[in-house]
Amino acid sequence: VKSDKSISVRKILKFGGSSVATAELDEVVVVSNAALLGPVGPIQRADPADVERNLAVNVTAPALLLRTFAARFQEHDCPKTFVNTIGSRE
């Protein structure tokens, strides 16, 4: 999912560079704080594109971020925490 305000998972992981892959880490924490809600109204009038967009931001993106996080840091013998918050205002 891309938007003007988002940073891709690849950019986040590249930020750490190769040093992340070989560093001894005390702890790894990832916070996913993206959310989208809207437009709000009767379900009978929901536009399928809006439903897909909401699911992409609120469900698919955090799942893919968690998948990448788990794969990237599975070899590190340290505590790992993934925090996913969902809150939105429109």
Side-chain hydrophobic cluster, 4.5 Å single linkage: members besides Val29: Val31, Val83

Distance, nearest 0.5 Å, that separates CZ of Phe73 from OG1 of Thr68: 10.5 Å

Nearest-0.5 Å distance, CD of residue Glu52 to CG of residue Asp47: 9.0 Å

Under the side chain to side chain donor-acceptor pair (under 3.5 Å) test, residues paired with Asn84 that sit two or more places apart: Ser32

Contacts of type side chain to side chain contact (heavy atoms under 4.5 Å, CB included), residue Asp77, not counting sequence neighbours: none

Joint cluster assignment, Val51 & Val59, ILVMFWY side-chain distance < 4.5 Å: yes

Nearest-0.5 Å distance that lies between atom CG in Asn58 and atom CZ in Arg53: 10.0 Å

Side chain proximity check, Glu27 to Pro79, heavy atoms < 4.5 angstrom: yes

Distance, nearest 0.5 Å, that separates CG of Asp50 from CG of Leu37: 10.5 Å

Phe82 to Leu66 - nearest heavy-atom pair and separation: CG-CD1, 3.6 Å

